[in-house]
*Asks:* 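Here it is, the structure in full.
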Amino acid sequence: MSRITNSNPPKRGEKLTSTELNQVFTEANAAFPMDGDNVRNEGVDHPAFSLSGSTGQSGIILHKADDDTDTGSVIVPANEEPVDPFDPAITVHTWSTGVVLFNQDQVIRVYWQFENTVAGSVASPFFAGGNVLAWAVWLEWQLSSGGAFVPVPNQSDFEDIQVSPDRYGAATNETYGCTLLNHGYVYDSGSPLPNVDFPPARTGYGCWWYKADQNYIIYGLRLRCRGLIQNFYNSSPVNGSPINAWELLESPASTHQVTIGASNMAYMIMEEI
Amino acid sequence: MSISFPKTWTSEKLNAEDVRDNLDAMKQKQQQLSASDMQLASKWIDTEHIMQGRYTSTTNITENVSGTFGGRNNGAFINRTSYCSRWLSEGTNGNTRRLRIPYAAITFDILRPCTIFFQWHMIHQSKASLSLGETVIFTSLNSPTIAGVSVEHKIKEQPASGLDVLIDGTQITNGFILRDIGSQIKGYNIGLVNTSTAGVCQNISWSVSLEMFYM
């Protein structure tokens, strides 16, 4: 309880007065009501909290966290279609998370890492002076049991019209939940084709953070991949102001591929502190 | 509500019985607090009431009631270049051993069940040699031989292209691990280990970070 301060306790060897005696008992009542002083004097530590017995997911800061590994391997060939409909994106990791409550104003952090190896040759769509060919690996979520996966907020599937009528891709402000893998290191612009070194086997990494604007229930997460894409400055977008963007290209699928190997995903749902 | 003392003295006569009754009234209140004895009109728990965190500057780790958080980095003004190489990690019969990467681990106390999230990035240069090998980075969970996840973070040795190592011999690895720890473990260590069949893989700069949640 709050501290009882005896400001004038009866003293040895002196005559005890009723005033002093009453004051001692009255001061005991100064400790009421119990409030923050009681706690501050003791300090709040682990025993004062209702914590989980096996994890750190008690819901005070961290609500829920989990991870999933897929040891399989998937080949993603390049898109060969010049116009819509394009070759579909390839799923490289599907994770049935179970029911995950993600309520308004909570924050979700999703991370992923994956092995990958590109295969290609110095041929179209490489061009002299170009240095921007890439593969996109992005995050999608499933918000109903057995329902469709859709890209997470602020992320595109790279199939949005950028410039009417036939340039599709994604504006860069729609690539928040995305990892971009460069297809080749262009070390000389060259002519008619550049000199290119293709990356060796490596790992990719990405993350996506989001503060819930409403209550969500997540049933699954997955990673999708497609390419090749290249960036450009979109001075006349179909919507909004001019912006940097990525364009889905037409490429020979037998020549340009990326193999996604073992992958691991993790999420954390947290209170915004 | 406060204590109802049965006796308030108005004269100089002091009886033991009166004193005892007042002391009994205090005991009874202490043993039977009610809602009206508590401040319920408004919230009064705030961060100031929580045990203060402790920061250890040598390890750059803060230990709080909520968890332990910290990180290490290497590069720029604090540059401790380290190496992975088959000359270090090769064991008998061509097998490779997992070796720790110096300055890329965090040791901390786990005081109760928790959830840990560890991340790192590292920039490597692996120049071409006769071996054309590779270096593989793993996270280690309190043991060099216990890897966190099965994703292998590979740094292939530079191909024999004749190009500068900056062009095709420089790689970046990024990784993470999420784990629940169900018990108290003092001196828990999480960090990076490697196996290597490369002639040399020079680790240029890196950072590791730890988030450990109790609640």
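Chain identifiers are assigned alphabetically (A, B, ...) following the order of the sequence lines, protein sequences preceding nucleic acid strands; residue numbering begins at 1 within each chain. Small disclaimer: the values here were computed from a predicted structure and weren't measured.
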*Asks:* Would you say the side-chain atoms of A/R224 pair up with the backbone N or O of A/L139, donor to acceptor, closer than 3.5 Å?
*Replies:*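 No, the answer is negative, given that no donor and acceptor are paired below the 3.5 Å cut-off.
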
*Asks:* Under 4.5 Å, counting heavy-atom pairs only, tell me which of A/G261, A/S52, A/P199 racks up the most with chain B.
*Replies:*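 Maximum pair count with chain B is reached by A/S52.
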
*Asks:* B/S85 side chain to B/G199 main-chain N or O, any donor-acceptor pair under 3.5 Å?
*Replies:*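 The answer is yes, because a donor-acceptor pair under 3.5 Å joins these two groups.
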
*Asks:* Mind checking whether B/F176 and A/Y205 have side chains closer than 4.5 Å, heavy atoms only?
*Replies:*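 Answer yes - side chains close enough.
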
*Asks:* Based on non-hydrogen pairs under 4.5 Å, which of B/Q158, B/Q39, B/K7, B/H153 is most in contact with chain A?
*Replies:*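 Winner by heavy-atom pair count: B/H153.
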
*Asks:* Give, as side chain, backbone, both or neither, the part of A/Y267 having an atom under 4.5 angstrom from any heavy atom of chain B.
*Replies:*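 Backbone of A/Y267 only, per the 4.5 Å heavy-atom cut-off to chain B.
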
*Asks:* When you measure from the side chain of A/Q106 to the backbone of A/N103, do you find a donor-acceptor pair of N or O atoms at a distance under 3.5 Å?
*Replies:*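 At least one qualifying donor-acceptor pair exists.
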
*Asks:* Are A/F198 and A/H183 an aromatic pair, judged by ring center distance below 6.0 Å?
*Replies:*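 Centroid separation for A/H183 and A/F198: below 6.0 Å.
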
*Asks:* In terms of heavy-atom proximity below 4.5 Å to chain A, should B/Q52 be classed as side chain, backbone, both, or neither?
*Replies:*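 Neither the backbone nor the side chain of B/Q52 comes within 4.5 Å of chain A.
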
*Asks:* Considering only heavy atoms, which portion of B/Q171 lies under 4.5 Å from any heavy atom of chain A: side chain, backbone, both, or neither?
*Replies:*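 It is the side chain, since no backbone atom gets that close.
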
*Asks:* Side chain, backbone, both or neither: which part of B/V151 has a non-hydrogen atom closer than 4.5 Å to chain A?
*Replies:*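 It is both, since atoms from each part get that close.
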
*Asks:* Please state whether the side chain, the backbone, both or neither of A/F25 comes within less than 4.5 Å of a heavy atom of chain B.
*Replies:*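 Both backbone and side chain.
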
*Asks:* Flag the one option from A/S50, A/G53, A/C207 with the top tally of heavy-atom pairs under 4.5 Å to chain B.
*Replies:*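 Among A/S50, A/G53, A/C207, the one with the most close pairs to chain B is A/G53.
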
*Asks:* Pick from B/H121, B/M26, B/Q119: which one has the most heavy-atom pairs with chain A under 4.5 Å?
*Replies:*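 It is B/Q119.
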
*Asks:* Please state whether the side chain, the backbone, both or neither of B/E211 comes within less than 4.5 Å of a heavy atom of chain A.
*Replies:*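 The side chain, not the backbone.
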
*Asks:* For a quick check under 3.5 Å, do B/D168 and B/S161 share a side-chain donor-acceptor pair by atom type?
*Replies:*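 There is such a pair between these side chains.
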
*Asks:* Do you know which of A/L21, A/T17, A/T69, A/T71 has the most heavy-atom pairs under 4.5 Å to chain B?
*Replies:*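 Result: the option with the highest number of such pairs is A/L21.
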
*Asks:* Hey, is the main chain of B/G148 close enough, under 3.5 Å, to the side chain of B/R179 for a donor-acceptor pair?
*Replies:*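 Looks like yes, one N/O pair under 3.5 Å.
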
*Asks:* Any sub-3.5 Å donor-acceptor pair from A/N6's side-chain atoms to A/N8's backbone N or O?
*Replies:*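 The answer is no, because no donor-acceptor pair under 3.5 Å joins these two groups.
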
*Asks:* If we ignore hydrogens and angles and just use 3.5 Å, is the side chain of A/N29 paired with the main-chain N or O of A/T26 as donor and acceptor?
*Replies:*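 Here the side-chain-to-backbone pair does not exist.
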
*Asks:* Applying side chain to side chain donor-acceptor pair (under 3.5 Å), run through A/W112 and A/T179 and close with a yes or a no.
*Replies:* CA-CA 9 Å; A/W112 54 91; A/T179 299; 2.8 Å; yes

*Asks:* What residue in B/I167, B/I172, B/N22 has the most heavy-atom pairs under 4.5 Å with chain A?
*Replies:*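 Ranked by contacts with chain A, first place is B/N22.
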
*Asks:* Under 3.5 Å, side chain of B/S89 to main-chain N/O of B/L99, donor-acceptor pair present?
*Replies:*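 No, because the side chain of B/S89 does not come within donor-acceptor range (under 3.5 Å) of the backbone of B/L99.
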
*Asks:* Is it the side chain or the backbone of B/L163 that comes within 4.5 Å of chain A heavy atoms, both, or neither?
*Replies:*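 The side chain, not the backbone.
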
*Asks:* Report which part of A/D67 has an atom under 4.5 Å of a heavy atom belonging to chain B: side chain, backbone, both, or neither.
*Replies:*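 Answer is both: backbone and side chain atoms of A/D67 are under 4.5 Å from chain B.
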
*Asks:* Of the backbone (N, CA, C, O) and the side chain (C-beta and beyond), which part of B/I181 lies under 4.5 Å from a heavy atom of chain A, both, or neither?
*Replies:*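 B/I181 touches chain A through backbone heavy atoms alone.
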
*Asks:* Could you look at B/N64 and say if it's the side chain, the backbone, both or neither that has a heavy atom under 4.5 Å from chain A?
*Replies:*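 Only the backbone of B/N64 comes within 4.5 Å of chain A.
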
*Asks:* Report the option among A/N22, A/L16, A/D66 that has the most heavy-atom pairs separated by less than 4.5 Å from atoms of chain B.
*Replies:*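 Of A/N22, A/L16, A/D66, A/N22 has the most heavy-atom pairs under 4.5 Å with chain B.
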
*Asks:* In terms of heavy-atom pairs under 4.5 Å, which option from B/K156, B/K154, B/M215 contacts chain A the most?
*Replies:*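 It is B/M215.
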
*Asks:* I'd like to know which of A/T203, A/T55, A/L62 tops the heavy-atom pair count under 4.5 Å against chain B.
*Replies:*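 Going by pairs under 4.5 Å, I would pick A/T55.
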
*Asks:* Answer with yes or no after comparing the ring centroid distance for A/W141 and A/Y219 against a 6.0 Å cut-off, counting only values under it.
*Replies:*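 They do not qualify: ring centres at least 6.0 Å apart.
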
